Amino acid sequence: MAKNHTPSLARFSLVLDFILCSRHQQPQPSYACSMALNLLSLSARPSPTTSAVMCQSIATTFSVLSVTPTPPSPLQPPLLSLPQNSIPMPLPSSSCALHCPHFQSCSGCTHEYNLHHPAILDEATDFFEKLGVSDFNFDTCRLWGWRCRAKLAVRGPPTKPLIGLYREGTHDVVDIPECKAHHPSINAAVELLKQGMSKLNIEPYDEDQGTGELRYVQMAVTTYNTSIPASQRYKNGKVQVALVWNSRNENSPSSEKLNDLANFIWRNGGVKGKVHLIHSIWANFQTSTNNIIFGNRWRHLLGERDFWEHVGGIDVSLAPSSFGQANTRAFDFLLRKLHKYVPSGASVVDLYAGAGVIGLSLATMRKCRSVKCVEVNKESKVSFEKTAARLPATLDSSISWHHADASKEPLSWLVGSDVVVVDPPRKGLDLSLLDTLRSLSSLELKSNLPESTSAKAENEKRPWILRERETSVQVKSCTVQEESRSLPETLIYISCGWDSFKEDCMSLLSSKAWYLDKAHGFNFFPGTQSIEILAVFKRVSKPNIKRRKSGKKKRPS
C-alpha cells in the first residue's frame, strides 16, 4: 500500500489517483474479451495533468466493444482477432489493476493494484523534493502488454511443457499463458511453441539430470513495420524466437529435432502461415550447468536476419545476443525526454553504452558535433555498426564506438565532452568513475589533464592497444573537429536501480562538484517495485581566483 506523506504533492497525487480510478469503472466483459482489450496498444499519450503522476489508462477515453466474445485461436494473438479501432478497457474493480491469474505464484509481478503508482514512487517524490527538485514527475506509460522482450525457462513433460518464470526463491517453473505483462504476440508465440514441442516430442530441460533438449526461449518483439500506419505498428509486432538448445553446436544428434521445431513454428507463424506472427527463429547452444541462459554460439535458422526497432528517432539494430530494453515504448519516452537536456551541437560521451542507442539518438536528434560510445561488451559492436549505417547521410558528427571498460582511466573518456551520459547496470556507477566525477572541479584547475582516449589511441603502437583499436568503430564526419580539453558541465544519469542511484546521487552532491537540476521517473516495469530514473546534474561553477603577484611591494617615494 502506498504511504501517506506530509508533502502536499504526494498527498494530492494519492487523492487524485483514487478519484480518477474510481470514476472509470466499466461493466465486466468476458475474461477472454477483457484480457484482449487490456493488452491492446494505446493510440495516444496522456495529456499533462496537475498531478505529478500521469496515468495513460486514465487519460485515454475508453469505449466498450460490442462483440460476442469467442476464445481466440491458439495460433492467433488476441490483438489480431479484434477490429483495428478497438482500444483497452479497464477491469471493473480498478482501471489500474493487474487481475492476473498467475499473481503470487509467478515471480514476475510483485503488486496487483495501482500499477500506475508503485509504492516506491512516494519515496522517490520525497527524496527529490528534499534535494530541491519539486517538479519531479512520473510517466507511467503502458500498464499492460508492455513487455517486448522476455527470457523464459522451459521445463516439464513434452506433452504439457511449462514455459514461464521461476517461482520466487526456487527453480520450479510457473507456466504463465496469457501473461498480462507480455506483448500479446509473445503470448501467442509461446502457445505456438508449446504445440510444436508436444507434436514433435521435444524434451524440456531437466536441471537435476542435465538432460533434455530445449532449456530456455527468448521472445523479442519488433514493432518496426513501415508498411502500415504508425498507430498500428505496436499491436502488430512480430516475434524473434531464440531457442536455447541443450547441445554444444548444430551438429549434435538432436539437431534434426531442432530444425523440425523451427520449421513447425515458421510454417504456422511465418510469412506464409495463417497469421504472420514470427519475425525470425534463432538457435543458441548451451551446455553449461550454471544459471547463465545463453551460450556463445548462435545460429540463424529462419526468417529475417536483421531485427530492427525505431526508438529515440532512429532505427536501431539488435542481435538476439544484444541487450535490449524490455519496455520499448517507455524507453522511447525516456530518450525523447533526454533530448531536451543536451544542447544542440554538444560533444557527448556515452558510458555503459551497449550498442550505442542513446549516443546515436543524441547525435541525430541534437546534431552533436561528436559522440563517443564506450562499452565493455564487444558483442555490441555489430549492432552499433548496423545502426550507424542507417543514420541520415546529412548528419555531420564525429561518432565512435569503443570496446573498453569505462572504469579504467575514466578521466581520459571525459576530456573533451560537454555532456556525459551514464546508464550503468543495477549496481550503479563503478567506484573509479564516481570518484573521478566527484573530483572534476579540482582536476580542471590543474594543467595536466590527460589526452582524450581517441587521441591517445592514435599515438599508441603497443600490440594490445592496437588490438583494442581493431574492435572500435569510427564514423567519420565531413568537418574536422578540433580536439577540446574541456570537461563535462552536464551529467545525465539513467538508473534502473533505485537504491544504487540514491547512493551515487548523494555521493555526487556531497562532493560539492555537482547539483541536481532535474529528475523524471518512468514506469518501465508495471507491477513491480522498480522505477527508472532520468536525473540531470549540473556542475557547480567555481569562481575565478586571482593569484597574488610575487615580489616586494614598491615603497612610496
Side-chain angles (χ1 to χ4, degrees), residues 2-3 5 7 9-10 13 51-56 110-111 115-143 146 311-312 323 325-342 350-354 357-359 361-362 406 419-430 433-434 437-438 488 490-510 514-538:
K3 297 187 294 183
H5 291 276
L9 180 62
S13 175
S51 169
V53 181
M54 298 181 291
C55 181
Q56 186 162 357
T110 58
H111 66 273
L115 299 187
H116 68 297
H117 194 124
I120 198 172
L121 178 57
D122 297 323
E123 180 189 338
T125 303
D126 284 352
F127 177 81
F128 289 116
E129 189 168 350
K130 288 174 182 176
L131 295 179
V133 180
S134 58
D135 59 349
F136 169 77
N137 58 38
F138 182 71
D139 196 333
T140 146
C141 311
R142 171 186 302 277
L143 299 181
W146 54 266
V311 290
F323 168 78
Q325 291 286 352
N327 195 330
T328 305
R329 281 290 180 86
F331 184 48
D332 184 55
F333 293 165
L334 183 148
L335 287 177
R336 294 181 187 278
K337 183 81 74 174
L338 183 153
H339 293 163
K340 300 177 182 179
Y341 299 109
V342 176
D350 178 11
L351 304 180
Y352 309 96
V357 177
I358 295 173
S361 174
L362 288 173
V419 178
V420 55
V421 179
V422 294
D423 185 9
R426 195 168 293 276
K427 66 178 183 178
L429 296 175
D430 289 293
L433 174 58
L434 182 61
L437 290 169
R438 284 167 47 88
T490 301
L491 165 65
I492 300 178
Y493 192 134
I494 300 169
S495 167
C496 61
W498 173 241
D499 290 334
S500 60
F501 170 78
K502 287 188 296 183
E503 292 180 12
D504 289 347
C505 177
M506 297 309 295
S507 179
L508 287 166
L509 298 180
S510 67
W514 301 90
Y515 68 91
L516 185 60
D517 185 44
K518 293 286 183 181
H520 304 279
F522 299 86
N523 202 7
F524 270 38
F525 300 96
T528 72
Q529 292 302 329
S530 177
I531 184 173
E532 195 87 3
I533 294 295
L534 172 65
V536 182
F537 296 84
K538 295 287 187 179

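Predicted model, so just to flag it, every value in this text is computed and none were measured.
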According to the interplanar angle, ranging from 0 to 90°, do the rings of Phe128 and Phe501 count as parallel (below 30°), tilted (30 to 60°) or perpendicular (above 60°)?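 Phe128 vs Phe501 ring planes: tilted.
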Could you measure the distance from the [atom1] atom of [X] to the [atom2] atom of [Y]? Nearest 0.5 Å is fine.
| X | Y | atom1 | atom2 | result |
| --- | --- | --- | --- | --- |
| Leu143 | Leu115 | CG | CG | 5.5 Å |
| Leu338 | Ile358 | CG | CD1 | 6.5 Å |
| Leu516 | Lys538 | CG | NZ | 11.5 Å |
| Asp135 | Glu129 | CG | CD | 10.5 Å |
| Ile531 | Cys496 | CD1 | SG | 12.5 Å |
| Glu503 | Lys427 | CD | NZ | 13.0 Å |

Smallest separation among heavy atoms of [X] and [Y], with atom names:
| X | Y | answer |
| --- | --- | --- |
| Ser495 | Gly497 | OG-O, 3.0 Å |
| Gly312 | Asp332 | N-OD1, 2.7 Å |
| His116 | Phe138 | O-CE2, 3.5 Å |

Are [X] and [Y] close enough that some pair of their side-chain heavy atoms sits under 4.5 Å apart?
| X | Y | answer |
| --- | --- | --- |
| Ile533 | His520 | no |
| Arg142 | Pro526 | no |
| Leu131 | Cys505 | yes |
| Tyr352 | Leu433 | yes |
| Phe127 | Met506 | yes |
| Asn327 | Phe522 | no |
| Cys141 | Phe333 | yes |
| Val422 | Asp504 | no |

Close aromatic pair by centroid cut-off 6.0 Å: Trp514 and Tyr493: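 No - the distance between ring centres of Trp514 and Tyr493 does not fall below the 6.0 Å cut-off.
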Does Asp126 pair with Lys130 as a salt bridge, N-O distance under 4.0 Å? no
Salt-bridge test for Lys502 and Asp499: reply yes if a basic N is under 4.0 Å from a carboxylate O, no otherwise. yes
Sub-3.5 Å donor-acceptor pair from the side chain of Thr140 to the main-chain atoms of Asn523, do we have one?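 Checked: no pair found.
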State whether the side chain of Thr125 and the backbone N or O of Leu121 hold a donor-acceptor pair below 3.5 Å, judged by distance alone.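 Side chain of Thr125 to backbone of Leu121, a donor-acceptor pair under 3.5 Å: yes, one is there.
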Any side-chain donor-acceptor pair under 3.5 Å between Arg438 and Ser510? yes
Of all pairs that satisfy side-chain hydrogen bond (donor to acceptor under 3.5 Å, both in side chains), the ones with a partner from residues 525-535, not counting sequence neighbours: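 For residues 525-535, and leaving out neighbouring residues, the side-chain hydrogen bond (donor to acceptor under 3.5 Å, both in side chains) pairs sorted by first residue read His111-Gln529.
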Can you spot which of Asp517, Leu508, Thr490, Leu437 makes a side-chain contact (heavy atoms from CB on, under 4.5 Å) with Phe537?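 One option only clears the test, and that one is Leu508.
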